[in-house]
K.L.:
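I have a structure I would like to understand better, so I am pasting it below and will then ask my questions one at a time.
Order of the sequence lines sets the chain letters (A, B, ...), proteins ahead of strands, with each chain counted from 1.
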There are 2 protein chains.
Amino acid sequence: MPSIQDVAKLANVSTATASRALSRPDMVAAGTRERVVQAAQELGYQPNVLARSLRQKETRTIGLIVADILNPFHALIAKGAQDAADRHGYTVFLFNSDEEPAKELRAMETLRGHLPTGLIVAPTSGTRAHLRTLPNLPVVELDRVSGHPGTTTVTVDNVGGAMAATQHLIELGHRRIGMIVGQQDISTAIDRHDGYRAALKRAHLNYDSALVLPGHHREDDGYRAARHLLTLPEPERPTALFVGNNEMTVGAVLAARELNLDIPHDVSIVGFDDSRWAQTMSPPLTVIAQPAYDLGRLACEHLIGQLGVAHPATPVRVQLQTELVIRNSTGPPHTADHAKRSSRPSLGPSPHSR
Amino acid sequence: MPSIQDVAKLANVSTATASRALSRPDMVAAGTRERVVQAAQELGYQPNVLARSLRQKETRTIGLIVADILNPFHALIAKGAQDAADRHGYTVFLFNSDEEPAKELRAMETLRGHLPTGLIVAPTSGTRAHLRTLPNLPVVELDRVSGHPGTTTVTVDNVGGAMAATQHLIELGHRRIGMIVGQQDISTAIDRHDGYRAALKRAHLNYDSALVLPGHHREDDGYRAARHLLTLPEPERPTALFVGNNEMTVGAVLAARELNLDIPHDVSIVGFDDSRWAQTMSPPLTVIAQPAYDLGRLACEHLIGQLGVAHPATPVRVQLQTELVIRNSTGPPHTADHAKRSSRPSLGPSPHSR
DNA sequence: TTGAAAGCGCTAACAA
DNA sequence: TTGTTAGCGCTTTCAA
């Protein structure tokens, strides 16, 4: 690997001039500049980022910790952030916390040694404590908020989204609406739960805690919770389910299928988060869609934007809107008064539309 | 951020000793060692990776370039690689090429400045040329091979997988089997095409080039190709489709739905790559499953394993097996001799808008 | 077993 | 406009 010394030698200038010619062209005479650039090209010179960063105490590197890169929602966030970083000449270090605070801490420690210019994190329950390890590091929280004071947050309107989902079911005529909710120490789960309650209240429906089951955001949790709710004795069984995230929604759908319940005839389902399979599943799922890519993009842009700036008095709180996408997994309830259709040959592929 | 100087001062030793105490404990007297470790802990010292790497000319960093992090197959690869790197104390720089050689080159250039210890790449058509920019950098190719001489490759048996898929269809009684194949400058696409041909040949079936349509690995390509194949006039229309990757398979399924063709009654479909939605789709898809996580893991382990070693005479070629997972998207053909069922209600009118 | 000193490649004061 | 020089934080000779 050629160094700037080699370039300088070939161009017959000092290393300082070579450095300037490449990084601050306007500080150097046109002729010299050209010689240096020419030499650099000839040697295939690529500056050593490590040396530069060490000297400048500025790495142009951003740490990004997402909860689970295998979840398309988080993958899309990561892509949005990475694309944005790239546009601004930053490089992203991507880590997975797998929803485990311990892993998140490890990621932060690793990151710290690399002296990132800033950090974007989709918090776990441990984030607030962990962030105290990294004072003076500009942080943007993404998707969820940890409650750490002073950090910029980029989220969606989870309360509003959950209300829209619940209200959609209510408007279809549902009165017993179950919710499969995420961990109650994660802000999104709390907010979605709140939105669900608020929508019920507005419609003067009772909140029945027996219809609200917690999960840890995994498919399996959704499956188990749905199985429980959907096998409640008839008057108690919910006619609709609002599921708090994408993975759990898959589980809920599988549970319904397994119980031979037709969606939406026997049970309506609304999920949170849109995704490829929400569209291609049968039936295509009604969901609350989130602008995941923009979430990542904006988090990154805000982080970069506030880098130079001194600590702003009031931290920025960006909130994006969600969108209710009505597909075919929701419909009016068919309760006991309707003859229970017995042998539907599973769930025929339903019309796919958007 | 405390530096090793601070630690040294607090422990009353020179920086050299402090460094040794932390990195090579056995070179230091027990008492001194303890004092240093104690001091480091007290200060929350974390070594500056940049300075260390600059000095040692060794970054313990691995570059990873995948084709598309939004594709669960690649996401799983990335996770496998990252987990493995982590276990060995390496940090991964993850980049997306988005299947574009130009983006891949940019990623490599960025990477180069960071002096990665090694590189793992899922090649595009440009990789072979680009790798010449990075001589002396240990490289492992993943999933696909670029033909760059001397690099270790970790792939699956694409020929075998494609043969298994095709043979499965043949055994079910299909005689006209269409294939939607990937870009013919990507090794996996070539291999899968070869496997398809080989299986036909072994069964003494003609290879009909009219039944083989190319695509660029995107859902949309699969959709268009399938639409074309499935609307061929009756005697020519294939009764089964083998689709060369996961994204295109989704497109093919959507096309079949839109044409009101029942899967597998009217057309059988086998995809390459398993995934969440392959399982949850309706019908659940028969696929050739690939060990994506292990692909990533092994690529990383081989890279790390060969780091110290001088250039091995014969490059390593790891090949993993695929597995035919039979679900419900394949069945025996029902050709013209069967009465064509006209109005299958289950399929529903499927206005798939795009 | 420890310390002094050099140097990785780069950029930024400062001087010329 | 250019060059000289120092130093970012660390590890590693070399010497004691």
K.L.:
Side chains of B:T15 and B:Q5 only: does a donor on one sit below 3.5 Å from an acceptor on the other?
P.N.:
no

K.L.:
Could you tell me whether B:R33 and B:D26 have a side-chain N and a carboxylate O separated by less than 4.0 Å?
P.N.:
no

K.L.:
Anything under 3.5 Å between a protein N or O and an N or O of nucleotides 14-16 of chain C, put it in a table, one pair a line.
P.N.:
none

K.L.:
Please tabulate the protein-to-nucleotide N/O contacts below 3.5 Å involving nucleotides 5-9 of chain C, giving atom names and distances.
P.N.:
| residue | atom | partner | partner atom | Å |
| --- | --- | --- | --- | --- |
| C:dG7 | N2 | B:R55 | NH1 | 3.3 |
| C:dC8 | O3' | B:K57 | NZ | 3.3 |
| C:dC8 | O2 | B:R55 | N | 3.4 |
| C:dG9 | OP1 | B:K57 | NZ | 2.7 |
| C:dG9 | N2 | A:A51 | O | 3.2 |

K.L.:
Base, sugar-phosphate or nothing for A:S23? Non-hydrogen atoms, less than 4.0 Å.
P.N.:
sugar-phosphate

K.L.:
Give me the bend of the helix from C:dT1-D:dA16 to C:dA16-D:dT1, using the axes of the five pairs at each end, rounded to 10°.
P.N.:
40°

K.L.:
Donor-acceptor pairs are to be reported for all side-chain atoms of residues 75-85 of chain B against protein atoms at under 3.5 Å, with residues two or more places apart or in another chain.
P.N.:
| residue | atom | partner | partner atom | Å |
| --- | --- | --- | --- | --- |
| B:K79 | NZ | A:D98 | OD1 | 2.8 |
| B:K79 | NZ | A:D98 | OD2 | 2.8 |
| B:Q82 | NE2 | A:L94 | O | 2.6 |
| B:D83 | OD2 | B:Y293 | OH | 2.6 |

K.L.:
Under the side chain to side chain contact (heavy atoms under 4.5 Å, CB included) rule, collect the residues that match up with A:R218, sequence neighbours excluded.
P.N.:
A:D68, A:E99, A:D221

K.L.:
Show every donor-acceptor pair shorter than 3.5 Å between a side-chain atom in residues 39-47 of chain A and any protein atom, with sequence neighbours excluded, or say none if there are none.
P.N.:
| residue | atom | partner | partner atom | Å |
| --- | --- | --- | --- | --- |
| A:E42 | OE1 | A:Q38 | NE2 | 3.3 |
| A:Q46 | NE2 | B:E109 | O | 3.0 |

K.L.:
Looking at residues at least two apart in the chain, or sitting in another chain, which of them share a side chain to side chain contact (heavy atoms under 4.5 Å, CB included) with A:L303?
P.N.:
A:I62, A:I120, A:P138, A:V140

K.L.:
Taking 4.0 Å as the cut-off, does a side-chain nitrogen or oxygen of A:T17 come that near to OP1 or OP2 on D:dG3?
P.N.:
yes

K.L.:
Check whether any side-chain N or O of A:S14 sits under 4.0 Å from OP1 or OP2 of D:dT4, and answer yes or no.
P.N.:
no

K.L.:
So, using ring-ring contact (aromatic ring centres under 6.0 Å, His included) as the criterion, who are the partners of B:F73 when residues are at least two apart?
P.N.:
none

K.L.:
Output every pair passing ring pair (Phe, Tyr, Trp, His ring centres under 6.0 Å) with a member in residues 98-122 of chain A, not counting sequence neighbours, ordered by first then second residue.
P.N.:
A:F93-A:H114

K.L.:
Can you sort out which residues in residues 25-36 of chain A have a heavy atom within less than 4.0 Å of DNA chain D? Ascending by number, please.
P.N.:
A:M27, A:V28, A:A29, A:T32

K.L.:
Going by atom types only, do A:S187 and A:R144 share a side-chain donor-acceptor pair under 3.5 Å?
P.N.:
no

K.L.:
Which residues pass the side chain to side chain contact (heavy atoms under 4.5 Å, CB included) test with B:R60, not counting sequence neighbours?
P.N.:
B:E58, B:Y90

K.L.:
With rounding to the nearest 0.5 angstrom, report the OG to CZ distance, A:S19 to A:R24.
P.N.:
8.0 Å

K.L.:
B:K9 NZ to D:dG9 P: how many Å, rounded?
P.N.:
11 Å

K.L.:
Listed by chain and number, what are the side chain to side chain contact (heavy atoms under 4.5 Å, CB included) partners of A:N12, not counting sequence neighbours?
P.N.:
A:R35

K.L.:
Find the distance A:R24:CZ to D:dT2:P and express it as a whole number of Å.
P.N.:
15 Å

K.L.:
Is atom NZ of A:K103 surrounded by more than 12 heavy atoms (other residues, nucleotides or ligands) closer than 6.0 Å?
P.N.:
yes

